[in-house]
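Take a look at the structure below.
Just so we're clear, the structure is a prediction, and the values are computed from it rather than from any experiment.
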Amino acid sequence: MINEVFDTEDENYTLFYDESNNVRVLSLFDDQYNIDKDKNQIASVNFILAGIAYRNNCVESDAENLVKKLKLQPTAKELKFNQVAKGSFEKVLCSQKIQMILKWLLESDFYIHYFNLNMEYWAFIDIIDDVFSYLIERNELQFNNGIHPRYYLDYHKDALYKLIRLDKSKFLSLMSKFNYPNLKPGFEKKLIREVNKLLKENLRHSSISKTNISKETQMAFRSLSEMFDLCKNIPSLELTYNLDKDLLIDGFSVFYNDRSTKFKHSQHVFDDENTIEDDFNKLLGHDKKLSELDYKFIDSKDSVHVQLSDVVAGLFNKYFTFIDQNILEDIIEIKNNFNALQKKNVELLKELINKSDTECPHLLFYVMTMSEHEKHRKFMFD
C-alpha cells in the first residue's frame with residue numbers, strides 16, 4: 001500500500017474505531033464464498049472500519065448526554081448500532097434515533113471517518129493489474145484521445161466485477177478449478193483464456209436476452225475480452241497474491257494498520273478485537289511505523305466514543321451494501337420514493353460526509369468499483 005501521511009504534528013486527530021462485517025477470512029467454497037450461507041439472501045461483501053474523530057486532542061461535545069437522550073432499553077449495557085436501527089438501509093433511514101445521532105454529530109466538534117472495502121472486488125483486481133502491466137511492458141496499449149491509463153485500468157476492473165456479479169457461480173468455479181489465488185506455474189494463460197471464454201458466453205445474443213445486461217455492460221465486456229485476447233501468451237500473474245488455495249482474504253489487520261499509520265501523528269482508539277490486537281503485537285519490532293504509533297485497544301463499554309463508532313460503522317455498512325447490491329436505476333427510484341424521515345436522514349448523512357471531507361478528504365476512503373463510485377455520487381450528492 002502507498003506510503004502516505006495525512007496529518008502533522010500540529011494538525012492531528014484522536015480517532016475512535018469500530019468495524020462492521022469482519023468475516024475473519026474470505027474464501028472460496030466451490031462456486032460460492034464461505035459467507036454465502038443463506039441462499040435466499042445475498043451476503044454483504046463490504047467490510048467497514050469506521051468511527052468518529054476530533055482534532056488536536058480537544059473536544060467539548062458531550063457524547064454521554066447524547067446517549068441519555070437516546071433512551072436506550074434499560075437492559076442495554078452500551079450503545080450499539082442494532083439498538084438504534086435494524087434491517088435494510090432503507091429501514092435504517094426510518095430510525096428517529098439515527099436522526100438524533102446524525103444531527104448531534106453534525107452540530108458537534110466530531111467528524112466521521114470510514115474505510116469501505118468491497119472484499120469481492122479486492123479479491124480479484126490483481127488479475128486486471130497483472131494483465132495491464134503485461135500489456136504496458138509489451139507496448140500493446142496506446143492511450144490517445146485523452147484517455148488516462150488509470151481510467152482504463154479501473155474501467156476494466158469494473159468490467160471484471162460486473163462479470164463476477166452476473167455469473168458468480170461459473171466464475172468462482174473457475175477460480176477454484178485453478179487454485180486461485182495460489183496458481184500453479186504455467187496455468188496463467190489457461191486461467192485468462194477461461195475467463196475470456198466466460199465473457200464471450202455472456203455476450204452471446206441468447207445470454208443477453210436472458211440476463212438483459214445493459215449496452216454499457218456489453219461494451220465493457222467486449223473491451224475486457226479484447227484485453228484478454230492480447231494476453232494469450234502471458235507468462236505469469238506476478239501481482240496475484242500467493243495465499244493458500246481458495247483463500248482470498250486471510251484477515252483484516254493489514255487494513256487497520258494501513259489506515260492508522262497514515263495518520264501517524266494522531267491517537268487511535270480501537271474497540272477490543274483480539275485477532276487484530278494479536279496481529280499488531282506480532283508486528284511490533286518488525287514494523288517501524290506501527291511501533292511508533294500511538295494506539296490502544298479498549299472495551300467499548302468504557303468509551304462512549306467507541307460505541308458511537310459502532311453506530312457509524314454499522315450505518316455505513318448498510319449504506320455501501322445497498323450501493324453495491326442495487327443497480328443505479330433502482331437506487332434512484334428507491335430514493336425518489338423515500339418518505340420525509342428517510343429523505344431528511346439522507347440529507348443529514350450527506351452533510352456529515354461533506355463536513356468530514358472538507359476537514360480532511362482522507363478521513364473517507366473507498367476500495368470499490370467505478371460503478372459503486374458513480375452510484376454513491378448520484379445517490380448521495382445529486
Side-chain angles (χ1 to χ4, degrees), residues 23-47 117-135 153 155-204 206-208 210-211 213 217-218 220-251 324-325 367 369 371:
V23 298
R24 310 304 175 202
V25 297
L26 182 68
S27 59
L28 289 172
F29 188 74
D30 294 328
D31 63 348
Q32 59 184 2
Y33 301 117
N34 59 308
I35 61 175
D36 293 325
K37 298 174 183 177
D38 186 348
K39 293 183 178 180
N40 298 316
Q41 183 176 347
I42 302 174
S44 171
V45 294
N46 294 83
F47 165 72
L117 173 72
N118 182 323
M119 297 180 283
E120 188 171 36
Y121 174 65
W122 173 264
F124 299 106
I125 55 175
D126 282 343
I127 295 173
I128 304 300
D129 283 323
D130 270 313
V131 166
F132 180 80
S133 296
Y134 170 74
L135 294 177
L153 183 61
Y155 178 80
H156 290 93
K157 288 179 178 180
D158 189 74
L160 181 65
Y161 187 70
K162 287 177 177 176
L163 176 66
I164 297 169
R165 297 306 297 263
L166 179 68
D167 212 342
K168 177 179 172 180
S169 178
K170 286 184 181 179
F171 182 86
L172 296 187
S173 291
L174 272 179
M175 295 299 108
S176 188
K177 172 185 174 182
F178 286 99
N179 293 344
Y180 186 90
N182 192 2
L183 295 173
K184 295 179 181 178
F187 280 80
E188 297 86 357
K189 292 188 286 289
K190 293 181 179 179
L191 174 66
I192 297 300
R193 185 168 64 243
E194 290 294 319
V195 176
N196 197 8
K197 181 180 176 182
L198 186 59
L199 273 168
K200 294 177 188 294
E201 287 176 1
N202 279 284
L203 282 169
R204 290 175 183 166
S206 57
S207 295
I208 293 173
K210 292 178 182 178
T211 59
I213 57 174
T217 297
Q218 293 174 45
F221 281 4
R222 289 192 186 95
S223 184
L224 181 57
S225 181
E226 290 169 2
M227 190 179 182
F228 285 155
D229 282 338
L230 296 172
C231 299
K232 293 177 180 177
N233 296 313
I234 191 168
S236 63
L237 295 172
E238 298 292 341
L239 298 176
T240 300
Y241 198 54
N242 193 28
L243 292 170
D244 293 338
K245 175 185 181 298
D246 296 336
L247 185 57
L248 303 174
I249 297 177
D250 66 347
D324 175 49
Q325 293 184 353
V367 181
T369 66
S371 294

### Residues Ser371, Lys162; criterion side chain to side chain contact (heavy atoms under 4.5 Å, CB included); working and verdict
CA-CA 9 Å; Ser371 294; Lys162 287 177 177 176; 3.3 Å; yes
### Task
Begin from the C-alpha positions of Val131 and Ile128 and carry the test side chain to side chain contact (heavy atoms under 4.5 Å, CB included) through to its verdict.
CA-CA 5 Å; Val131 166; Ile128 304 300; 5.6 Å; no
### Task
Show your reasoning for whether side chain to side chain contact (heavy atoms under 4.5 Å, CB included) applies to Phe187 and Leu237.
CA-CA 10 Å; Phe187 280 80; Leu237 295 172; over 6 Å; no
### Message
I'd like to know whether Asn118 forms a side chain to side chain contact (heavy atoms under 4.5 Å, CB included) with Val367, so could you lay out the CA-CA distance, the side-chain angles of the two residues, the decisive distance to 0.1 Å, and finally the verdict.
### Response
CA-CA 6 Å; Asn118 182 323; Val367 181; 5.9 Å; no
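Glu120 and Leu26 get closest at one heavy-atom pair: N-CD2, 4.5 Å. Across Phe221 and Ala159, no two heavy atoms sit closer than the pair CE1-O, 3.4 Å. Across all non-hydrogen atoms, the minimal contact from Asn233 to Lys189 is CA-CD, 3.4 Å. Of all heavy-atom pairs spanning Asp244 and Pro181, the tightest one is O-CD, 3.5 Å. Annotation for Arg165 and Ile42: closest pair NH2-CG2, 4.1 Å, computed over non-hydrogen atoms. The minimum heavy-atom distance linking Pro235 with Tyr134 is given by the pair CD-CE1, 3.6 Å.
In this structure, Ser225 contributes its side chain and Lys200 its backbone to no donor-acceptor pair below 3.5 Å. Side-chain N or O atoms of Asn202 include none that pairs as donor or acceptor with a backbone N or O of Leu163 at under 3.5 Å. Panel note: side chain Glu226, backbone Leu224; no donor-acceptor pair is recorded below 3.5 Å.
Met227 contributes atom CE, which lies 6.5 Å from atom CG of Leu153 (distance to the nearest 0.5 angstrom). For the atom pair NZ (Lys177) and NZ (Lys170), the distance works out to 12.5 Å, reported to the nearest 0.5 Å. Between Phe171 atom CZ and Leu198 atom CG the span is 8.0 Å, to the nearest 0.5 Å. Atom CG of residue Leu183 and atom OG of residue Ser236 lie 10.5 Å apart, to the nearest 0.5 angstrom. Here the CG-CD1 distance, from Asp130 to Ile192, works out to 8.0 Å after rounding to the nearest 0.5 Å. How far CG of Asp36 is from OG of Ser169: 10.5 Å, rounded to the nearest 0.5 Å.
The closest side-chain donor-acceptor pair between Tyr161 and Asp324 falls under 3.5 angstrom. Side-chain N/O atoms of Asp31 and Ser173 include no donor and acceptor closer than 3.5 Å.
Not a single side chain to side chain donor-acceptor pair (under 3.5 Å) links Tyr121 to another residue, sequence neighbours left out.
When side chains are defined from C-beta on, Asp30 does not count as touching Leu172, because their heavy atoms never get closer than 4.5 Å. Between Tyr33 and Met119 there is no side-chain heavy-atom pair separated by less than 4.5 Å. Leu248 is listed as a side-chain neighbour of Tyr180, based on a closest heavy-atom distance under 4.5 Å. Within the 4.5 Å cutoff, no side-chain heavy atoms of Lys245 are placed close to those of Leu28. Within the 4.5 Å cutoff, no side-chain heavy atoms of Arg193 are placed close to those of Lys197. When side chains are defined from C-beta on, Val195 counts as touching Leu160, because their heavy atoms get closer than 4.5 Å.
For the pairing with Lys157, the side-chain hydrogen bond (donor to acceptor under 3.5 Å, both in side chains) check across Thr369, Asp129, Asp126 returns one residue only, Asp129.
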